[in-house]
Amino acid sequence: FLLLVAAAAGGFYWLLLHPERLIERAAALQGVALRVEKADLGLAAGKFSLTGVKVTKAPGMERGMTVFVPKIEASVSPPPALSLGWRPQALAVSVEEISAQRNGVEAKVSRVLLDSRKGSLRILGLSVSNPPDFPPGFFARLPEISATGDPQDLAAGKLRLKELRLNLSEASLVRNKAGQLNSDLVVEALTGPPAKSQSKTDFHVDRMLLSMGKLQYKDLSKFGLGVS
């Protein structure tokens with residue numbers, strides 16, 4: 001019995017010294033397969049940071065997709081307390097340089113900022129590449145996507161946004177020689193084929209603002225020449 005207690009205590013102490021493995025095991029219980037290079041859990045100050053996060057499996061994530069995040073920083077207020085009555089009132093998350101790849105399509109995000117107190121989300125520097133068998137370059141570039149909503153609605157599973165801003169600086173629609181449209185292949189690569197039956201999501205936007213820069217269309221199926 002003493003050997004079992006010593007082994008359990010040793011294992012717990014090892015996990016405290018290596019919080020990366022603790023996070024990976026906790027994620028595995030939720031069906032998420034990830035690898036963390038380094039974790040800094042400043043529980044007393046309510047600040048957390050993860051470095052070198054690689055996700056290869058998660059609920060709703062398409063098979064074959066890989067997501068890599070160099071750094072994630074988060075702060076929670078008030079700081080965590082060893083009390084049954086403790087509940088976080090505000091959460092702020094900063095994520096840098098997200099990249100996702102699947103079927104030759106790569107999506108990159110420079111930075112993501114989330115503030116639960118304000119109910120705001122900002123996605124900066126989003127770019128999506130063209131699929132294989134298409135001209136090299138980007139399918140779309142969005143310098144900024146910002147959204148504001150009610151945190152209580154999000155907690156209740158309702159996606160209701162007070163305002164959604166989309167800044168689309170560049171988009172290129174290309175039909176290849178086989179008659180395929182790059183937008184269709186991009187959506188399928190990143191989200192998978194459309195499901196036969198999908199559950200309805202409570203989604204509503206009160207106000208949406210769209211600013212558009214350059215929009216280009218090329219049809220390579222007509223004699224192999226681009227028609228803009």
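In this chain, residues are counted from 1 in sequence order.
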Taking Leu124 as the starting point, is it possible to reach Val69 by hopping between hydrophobic residues whose side chains are less than 4.5 Å apart? no
Which atom pair, heavy atoms only, marks the closest approach of Leu126 to Val109? CD1-CG2, 3.6 Å
Using a strict threshold of under 4.0 Å (side-chain N to carboxylate O), is an ion pair present between Arg122 and Glu144? yes
For residues Gln180 and Asn176, report the shortest heavy-atom separation together with the two atoms involved. N-OD1, 2.7 Å
Once you round to the nearest 0.5 Å, how far does CG of Leu142 lie from CD1 of Ile123? 9.5 Å
Checking Phe134 against Leu185 for the side chain to side chain contact (heavy atoms under 4.5 Å, CB included) test, could you report, in this order, the C-alpha distance in whole Å, the side-chain angles of both residues, the deciding distance, and whether it holds? CA-CA 10 Å; Phe134 282 85; Leu185 297 182; 3.4 Å; yes
Any side-chain heavy atom of Glu163 sitting closer than 4.5 Å to one from Leu209? yes
Side-chain (Glu20) to main-chain (Ala39) donor-acceptor, under 3.5 angstrom: yes
Decide yes or no for Val174 and Tyr217: does some side-chain heavy atom of the first lie under 4.5 Å from some side-chain heavy atom of the second? no
Decide, yes or no, whether a salt bridge links Glu24 with Arg35 under the criterion of side-chain N to carboxylate O below 4.0 Å. yes
After noting the C-alpha distance and the side-chain angles of Leu210 and Leu164, does the key distance pass the side chain to side chain contact (heavy atoms under 4.5 Å, CB included) rule? CA-CA 8 Å; Leu210 172 63; Leu164 175 63; over 6 Å; no
Verdict with supporting geometry, Leu34 and Val32, side chain to side chain contact (heavy atoms under 4.5 Å, CB included): CA-CA 6 Å; Leu34 59 81; Val32 178; 3.8 Å; yes
Hey, could you give me the CZ/CG distance between Arg175 and Asn182, rounded to the nearest 0.5 Å? 9.5 Å
Would you please say whether a donor-acceptor pair under 3.5 Å links the side chains of Asn167 and Ser211? yes
Which distance, rounded to the nearest 0.5 Å, do you find between the CD of Glu170 and the NZ of Lys214? 6.0 Å
Do the side chains of Leu113 and Ile72 join up, straight or via other hydrophobic residues, at under 4.5 Å, putting them in one cluster? no
Residues, nucleotides or ligands: over 12 heavy atoms within 6.0 Å of Asp206 CG: yes
Point-to-point distance, once rounded to the nearest 0.5 Å, from CD of Glu97 to CZ of Phe68: 10.0 Å
Rounded to the nearest 0.5 Å, the CZ atom of Arg111 sits from the NZ atom of Lys71 at a distance of 10.0 Å
For a quick test of reading the model, state the closest non-hydrogen atom pair linking Val186 to Ser129 and the distance between them. CG2-O, 3.9 Å
Atom OG in Ser172, atom CZ in Phe138: separation rounded to 0.5 Å? 11.5 Å
Ignoring hydrogens and geometry, is there a side-chain-to-backbone donor-acceptor pair from Arg102 to Ala189 under 3.5 Å? yes
